[in-house]
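Input: a single structure, listed below in structure tokens.
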Amino acid sequence: MSGRARAKRVNRTLIAGLVLVGGFALAALAAPLIAPYDPIFQDGTARIQPPSLTHPFGTDNFGRDILSRIIYGARVDLQMAVIGVFFPLVIGTVIGAIAGFFGGVVDAVLMRLIDIILAFPFLVLMLSIIAILGPGLSSFYIAMALVGWVSYARLIRAQILVLKNADYAVAAVSLGFSWRRVLFRHLLPNSVAGSLVFCMSDAVLVLLSGAAISYLGLGVQPPTAEWGIMVAEGQAFLSQAWWITLFPGLSIVLLAFGFSMIGDALGEAMGVHE
Amino acid sequence: MHRYSFILMRPLQFVPVVFGVSLITFILVRMIPGDPARVLLGARATPTAIANIRAQFGLDEPLWLQYLYFLRNLANGEMGMSIVYRIDVLRLIGTRIEPTFALILCSVLLSILIAVPLAALAARNQGRSIDHAIRFASTFGIGFPPFWLGLMLMMLLAVKYPIFPVSGYGETLGDKLAHLALPSLTIALSLSTVLLRSLRAAMVDWLKSDVTTAARARGMPESIVFWRHVLPNSIAPSINLLAVNIGWLIGGTVVIESIFALPGMGQLLVRAIFSRDYMVVQGVAMVFACATVLVNFLADIATVAVDPRVKL
Amino acid sequence: AGVLTIARNEDSTTFDPIKSAQNVDNWVFSNVFDVLVRVDASGTKLVPGLAESWTISDDGLTYTFKLRDAKFSDGAPVTAEDAAFSLIRIRDDKGSLWSDSFKVIDTATAADPKTLVVKLTGKSVPFLSMMALPNASVLPKKLVEGAAADSFAEKPVGSGAFSLVEWRRGDRVILKKNPNYWDAGKVSLDGVEWLVIPDDNTRMLKIQAGEVDAAITVPFSRVAELKTNPDLKVMSDPSTREDHMLINHEHGPLAKKEVREALDMAIDKQAIVEAATFGLGEVAYSYVPKGALHHYAENLQRPYDPAKAKKMLADAGASDLTLNYIVNAGKETDEQIAVLVQQQLAKAGVGVTLQKVDPSQSWDMLVNGDYDISVMYWTNDILDVDQKTTFVLGHDTNMNYMTRYKNDEVKALVEAARLETDPAKREAMYVMLQKLAKGDVNWIDLYYSPYINVTGKNIDKFHQNPLGRFSLEETVKN
Amino acid sequence: MSAPLLSVRDLSVVVRNGEGEQTLLDRVSLDLAPGDILGLVGESGSGKSLLCRSLVQLLPSRAISVTRGEVWMGGRDLLALGDAQIQAVRGAEIGMIFQNPSSHLDPVMRVGDQIVEGLRFHRKLNRAAAQEEAIALMGQVGFTDPARQFAAYPHEFSGGMRQRAMIAVALSCDPKVLIADEPTTALDVTIQAQILRLLMELRERRGLSIILITHDLGVVAQTCDRIAVMRQGRVVEVGDKRDILARPQHRYTKALISSHPSMPTDEANDVVDDKVDAARLPAGPARPLVEIDDLHIRYPLSGGVFGRRRSFSAVAGVSLQIRAGETVGIVGESGSGKSTLARAMLGLIPISDGHVTFDGASLRLQREATLTKMRQQAAMVFQDPFNSLNPRLTIGQTLAEVLRVQGKVAPAAIPKRVDELLRLVELDPDYAGRRPRQLSGGQCQRAGIARALAVDPRLIVADECVAALDVTIQAQIVALFQRLVRTMDLTLVFIAHDLAIVRNLCERVVVMHHGRIVEEGPCAEVFERPREAYTAALIAAIPDIDPDRRLLAPPGLLAS
Ligand SMILES: Nc1ncnc2c1ncn2[C@@H]1O[C@H](COP(=O)(O)OP(=O)(O)OP(=O)(O)O)[C@@H](O)[C@H]1O
Ligand SMILES: Nc1ncnc2c1ncn2[C@@H]1O[C@H](COP(=O)(O)OP(=O)(O)OP(=O)(O)O)[C@@H](O)[C@H]1O
Ligand SMILES: [Mg+2]
Ligand SMILES: [Mg+2]
Ligand code: NI
């Protein structure tokens, strides 16, 4: 396919992805304006109502409006996806870059650390940290950051290992540039493309980890509206009230879809694949 | 044969990893607030009873001493006693390994069975509607929480149309497979999407590559071009991806295990964490760590076997 | 005939009765082992178990049990020696979780193979009820003694209606009918399997698919739906469970009775019953559960009145009260109640910060007093109310169940009631205690709830007594 | 000329993109007679590869399509054939050797199996027969131990062997026409000669017709019967080899011929002497600028269980002195250690043994100090023009960064200096705003040289900076160096496997083989009277543009 036709397809995917994610971001920002109800208000007289005109997505077992909760939930979930990816990305990039660039002992030590973290059961870490710090978003972020950076570190390290032998890196060294300049100005910008693509699917994994933690009962503090916890709580009513789980579930899917489309487009544009 | 010489070296790397995992687990679980003795005794706990239990399990010793004991036990091939079950941790784990292992194995096989043909179909029809459809459907697999998918499958394929059992684990091989069908399918639905995406991407690349052009220029029909040249070249990058994902699975089957009431290690682990059953957490973490290292090791062997250029 | 399969949400932890304090174990203990004295199905009366009859000396210090002709599942006779050994063991064994409760036993001896004599260190009216604890089951001395204790838990031998065939940890406990059971003629089932299915949905789907005969601990939210299923029987058995809100009396304004009263009035218990139990529970008003001995039905019930509560708080100088509410993570109803209470208290101008913590940790926080309010529940283990009363109102070491409630009058009364042998006087004392506790708002009673279990239509007499025991020896599978 | 075997008539190919159509091939007509070798020459991007791929309907992208024209072979128009029929033509009638053998061989399939594949499919042989035939074929294309090499993977082969494997794969289907797309570009002269002779031999033995694509007129002169010259999608000139070489008609053909860096004839020698004299002026008994003493560079070989590591000596005991103001050429076959030596000279790779001294300071003894000095006074021009520039920075940014870090120019004067540098290498200052991908190869190379000059160095080490370029661009760059050496007081180390250029440019030459210096001396002397057989072989392997100077090389040395 010609470059232009590819560019066009990339653009379409990118725009669709941005529209989806942007839509959720807008909903999150404008939540107080567009949400028809208070997301934590419990209406004892309207418990477990199927979707209707007054409650387009129905109500849950407390009589809370699910649409409003989804809109407010976008705030938490977007934040989770962004923060849950951002810190691992930054930490992993720096560590991976340093390991790959210096090699030798530094690399060997960091790689063993990475091996340990990879081999370390994620669940033990997650649950312990949540138990130590108490359930809530911050423990979630810390646990994600402690574990998540490993993937990025591996990606970046592999890239740097290849690139540091590239002629332009050797050229930079031969021109008397400091290692910081060589690594951070010349090598890093050329090696982050793969990680940026991976970010997008990672964001989805973060949301799902959050949902799994909610299932185990250690999700965010009630009565916070968060999609994962909504699905987890609603599953008790799965057979009698499908709408309690379906809509937040769909929201996760749509956001995931948006992210993966952005990822696909970025990947195609930068010529890298997951 | 020296391409495979890492097989001899690698087991040495087991040691620091397993040691590291044990140390971190040890410190981490003991940092969790909450006292196993109190959990065991519940509401009726009295201080003397608590002290009794703590003494019995050596919890009143200083931390470093407890770790030394742990290491000494480990050297003797023991992992200590479960506080809750009061039996040897290794024995406890022994009864739980099989379901988890079988679950992971089935899920991985099933994912491969789902992912490879679909990826091939999508890649060979790149840009057409069937490609878009497959990619769209695969996003659903990634996006829905497994516990939701699992329950849906259960309601559909076990209650509405009773093809598979709702939950549990069987006794005979066939029985076990029947019980594993739904949980494996649940995992495979999400795992296969990850595989599918990476395989498809690689296949699309290789379909455009010089190697395929060369094969076509030799007059090879498309089927030979695809199965003999594109596929073998495309699987190498997915092996690593699969390994990382199996690594996640090893510690992450708990949700599926508890939904499908599989008596596996994930459930054991979560219960142990909640009840502060230190020795069990420790033991399971070590087994998981070893399994992960082993999987990565196997993945390395597979990579070397698949791609003759790779040296480790 | 047939094997009864029961789905429950948790696995057993041991088959050594003295080493567990969990309901999940007790359910199975009472199938496999037998006790000297049993609690009847109504949960209000003690009836003979392994002991055919018993006498109490006039000073109340010596109990003489006459054992019936019973056998262990291996065919050996149950002797007074075994019974004495088991009681001393639960008192003295290092692994026993119950030694404190049995310290009241001074000596236990076999006067003859069928006569057990127990001497107490002091008078104790609840003692006989304690004999009905599954943890105090009679074990074969010969098999348990010495180093054999660990292996005994692996292959337990009891004198109950069933005996253990296999325990697949995490999966199921398989029991078969014990032909040597003294009342074996009454037992209709060939065996029982206790399956572990932690997920509520799965457990319900399992019984809906007909893969098990019974599923226990049915979530209240599922009752209405299950009732519409013609193949299933949903049973609601009265329980001794009572849910209450603990209040930390040592925290600032909460020390004032008026403030606690105001909180009691600001909480709409009926709404909680509706939301948390789907109307299946009942508003609670005494720490002694309805249906239990000495329950006082006329106890004070403060009306729900957030406006008045707000005023009372203002009067007490606590108008901008903010409370730290410990929520047990992973317990759905707890979280529901928390959210509801938060909203209700807001109407009385009380702010509530929810702090969700892992249940194992919440114990520590409650014990250390790092909380203002928190919801807990209690189910009676024994028939006598003394156990709970002591823990809740008369206990120093556990700070009156972590509430730090102090009332010397109440404490003295708890002591006295324990020793009072005249039933009428004793009843009056417990009524008094219920009034006093309510008056002081030692905690806030929330609701009583029944046990909900579901079985297939073909299962009869599947019944749970108020103390939580399933008497499967009567259950029939058609 | 006999009746053509393959005849292309009025072939036009366009690429469609967002802005419309662009013609890539414009009414191309060509004939190929049986047993003929047709040379297809032309500048990079003129459509040579595309033309060949169109013949068998293997266009590189869906956006590219044939708009008109016919390709006649055996009485059929190949362009009108359906999928199944063209499949039968591919391989069986027209075999292809692709431009880059490394990427066209399946990396995960044994080389032998790739040959077997074609034999089994086209000739319907059974497994054993096909294997036997494949081994025979591998022998024919010059594999020394076909039975063993049958089981090797492509990456285990050197470039030359891969090229031969590619030929064997193409021949496995027993085609009538072989299209060889730049089969020798990536190779050094000795191996190039070997491959070319193999092709000619095959033509003789099998009666093959060959289309040979190249940008090197020397290659054409030595091998072809006819020549077609392409430029911008058109065939600008076609005819008999000797006619075209002797009497080129088109302007571009003339330029191609005149810029070919053949070995200069004796009449041209005075030009060279001129340069030598010019360079000698500042030379005196001063101490050498660079002194290399018994240098060893070893690379660890992978493998070796339990730390019994073996290593490979890329540079094995090299001693060399370079005086200030000198121009030294380093030549030698591919893999002989030239780049390794260059990098070691500038402290860019660790030294295993021996000494490198720069302006009196030893890299081994005072590493930091020497490096600091070196970074200020020496610069390198890298082999690969694209890869040695950071793809994300514009040329202006790249140069400005060097100037800023080096600090020899006041910050305010940097933009002016950037302009100056670009002019110096004959690049329009407008190019400062472009990224490497937006430049042609020659322009990139000049940017690389400008970057080296930005350091304001006393020493430039230029590593094969012209190998990948068109002859016309090569000539420009050599001229630039000649000018710089003359006008600025530069010391130049020039590495190349193309001896002609070295002879034109340098004063002294060093010949490397297998990590050692085998011969060293003044250019004129070494090239005229090589002492070593190896040097002689290198010189002899240069394809001359004169078709009467036959390509010959002693076979013994080529196999080394
Ligand atoms: N996939 C493609 N899409 C669009 N244009 C292409 C594509 N491939 C080649 N071209 C264009 O077609 C023209 C001819 O390319 P071709 O590869 O035939 O050149 P060439 O003569 O073989 O050059 P070289 O000597 O560099 O191999 C070039 O201008 C190139 O940009
Ligand atoms: N990083 C490395 N690891 C191992 N071997 C290497 C490495 N770099 C170079 N070599 C080997 O060292 C030898 C010399 O390489 P070098 O790049 O110096 O050759 P060269 O003379 O520059 O060849 P060319 O003409 O192809 O550029 C080669 O055999 C090469 O395979
Ligand atoms: Mg080309
Ligand atoms: Mg080189
Ligand atoms: Ni050689």
Side-chain angles (χ1 to χ4, degrees), chain B residues 1-13 123-128 131 202-239 300 302-312, chain D residues 52-53 55-62 83-84 86-110 113-115 117-122 151-156 166 169-173 175 179 181 301-308 310:
Chain B
M1 271 326 278
H2 74 279
R3 283 184 57 233
Y4 288 95
S5 62
F6 74 94
I7 293 177
L8 292 173
M9 299 293 292
R10 188 59 61 89
L12 294 179
Q13 291 180 13
R124 294 179 74 172
N125 293 287
Q126 194 215 347
R128 307 222 185 99
D131 180 27
M203 286 174 175
V204 165
D205 278 357
W206 278 101
L207 272 170
K208 287 192 270 190
S209 75
D210 289 347
V211 169
T212 43
T213 310
R216 287 190 189 119
R218 268 177 263 154
M220 296 297 135
E222 276 306 300
S223 58
I224 289 192
V225 171
F226 190 83
W227 297 111
R228 293 258 295 270
H229 296 285
V230 173
L231 187 67
N233 277 296
S234 306
I235 48 183
S238 299
I239 290 178
D300 284 347
T303 310
V304 171
V306 167
D307 190 336
R309 288 166 299 179
V310 176
K311 291 205 182 91
L312 288 167
Chain D
C52 297
R53 294 175 69 149
L55 302 185
V56 284
Q57 299 186 19
L58 276 178
L59 295 170
S61 136
R62 275 186 240 163
D83 279 355
I86 193 72
Q87 237 169 53
V89 172
R90 289 180 194 155
E93 294 188 33
I94 301 180
M96 281 194 120
I97 300 169
F98 289 89
Q99 192 161 358
N100 181 356
S102 314
S103 70
H104 284 85
L105 288 171
D106 191 333
V108 303
M109 196 186 229
R110 295 180 192 283
D113 288 335
Q114 300 188 43
I115 302 172
E117 195 178 62
L119 291 169
R120 298 194 65 185
F121 187 78
H122 287 287
Y153 288 98
H155 72 277
E156 296 170 82
M166 195 76 226
V169 171
L171 293 177
S172 69
C173 318
I179 298 174
D181 192 350
L301 289 176
S302 59
V305 186
F306 298 120
R308 205 165 37 76
R310 288 169 302 149

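With a 4.5 angstrom heavy-atom cutoff, D/I179 does not touch chain B via any of its atoms. Heavy atoms closer than 4.5 Å to chain B are found in both the backbone and the side chain of D/E117. Heavy atoms of D/Q57 lying under 4.5 Å from chain B are absent altogether.
Considering only heavy atoms from C-beta on, D/M109 stays 4.5 Å or farther from B/P232 through its side chain. At least one side-chain heavy atom of B/R218 sits less than 4.5 Å from a side-chain heavy atom of D/Q114. Within the 4.5 Å cutoff, side-chain heavy atoms of B/T213 are placed close to those of D/R53.
Here the CG-CD distance, from D/D83 to B/E222, works out to 8.5 Å after rounding to the nearest 0.5 Å.
Scanning all heavy atoms of the two residues, the minimum distance from D/F98 to B/A214 falls at CE1-CA, 3.6 Å. In terms of heavy atoms, B/W206 sits closest to D/P107 at CH2-CG, 4.0 Å.
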Go through the steps to decide whether D/R90 and B/M220 satisfy the test side-chain contact (heavy atoms from CB on, under 4.5 Å), and finish with yes or no.
CA-CA 8 Å; D/R90 289 180 194 155; B/M220 296 297 135; over 6 Å; no

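Screening B/V230, B/T212, B/D210, B/N233 for a side chain to side chain contact (heavy atoms under 4.5 Å, CB included) involving D/D106 leaves a single residue, B/N233.
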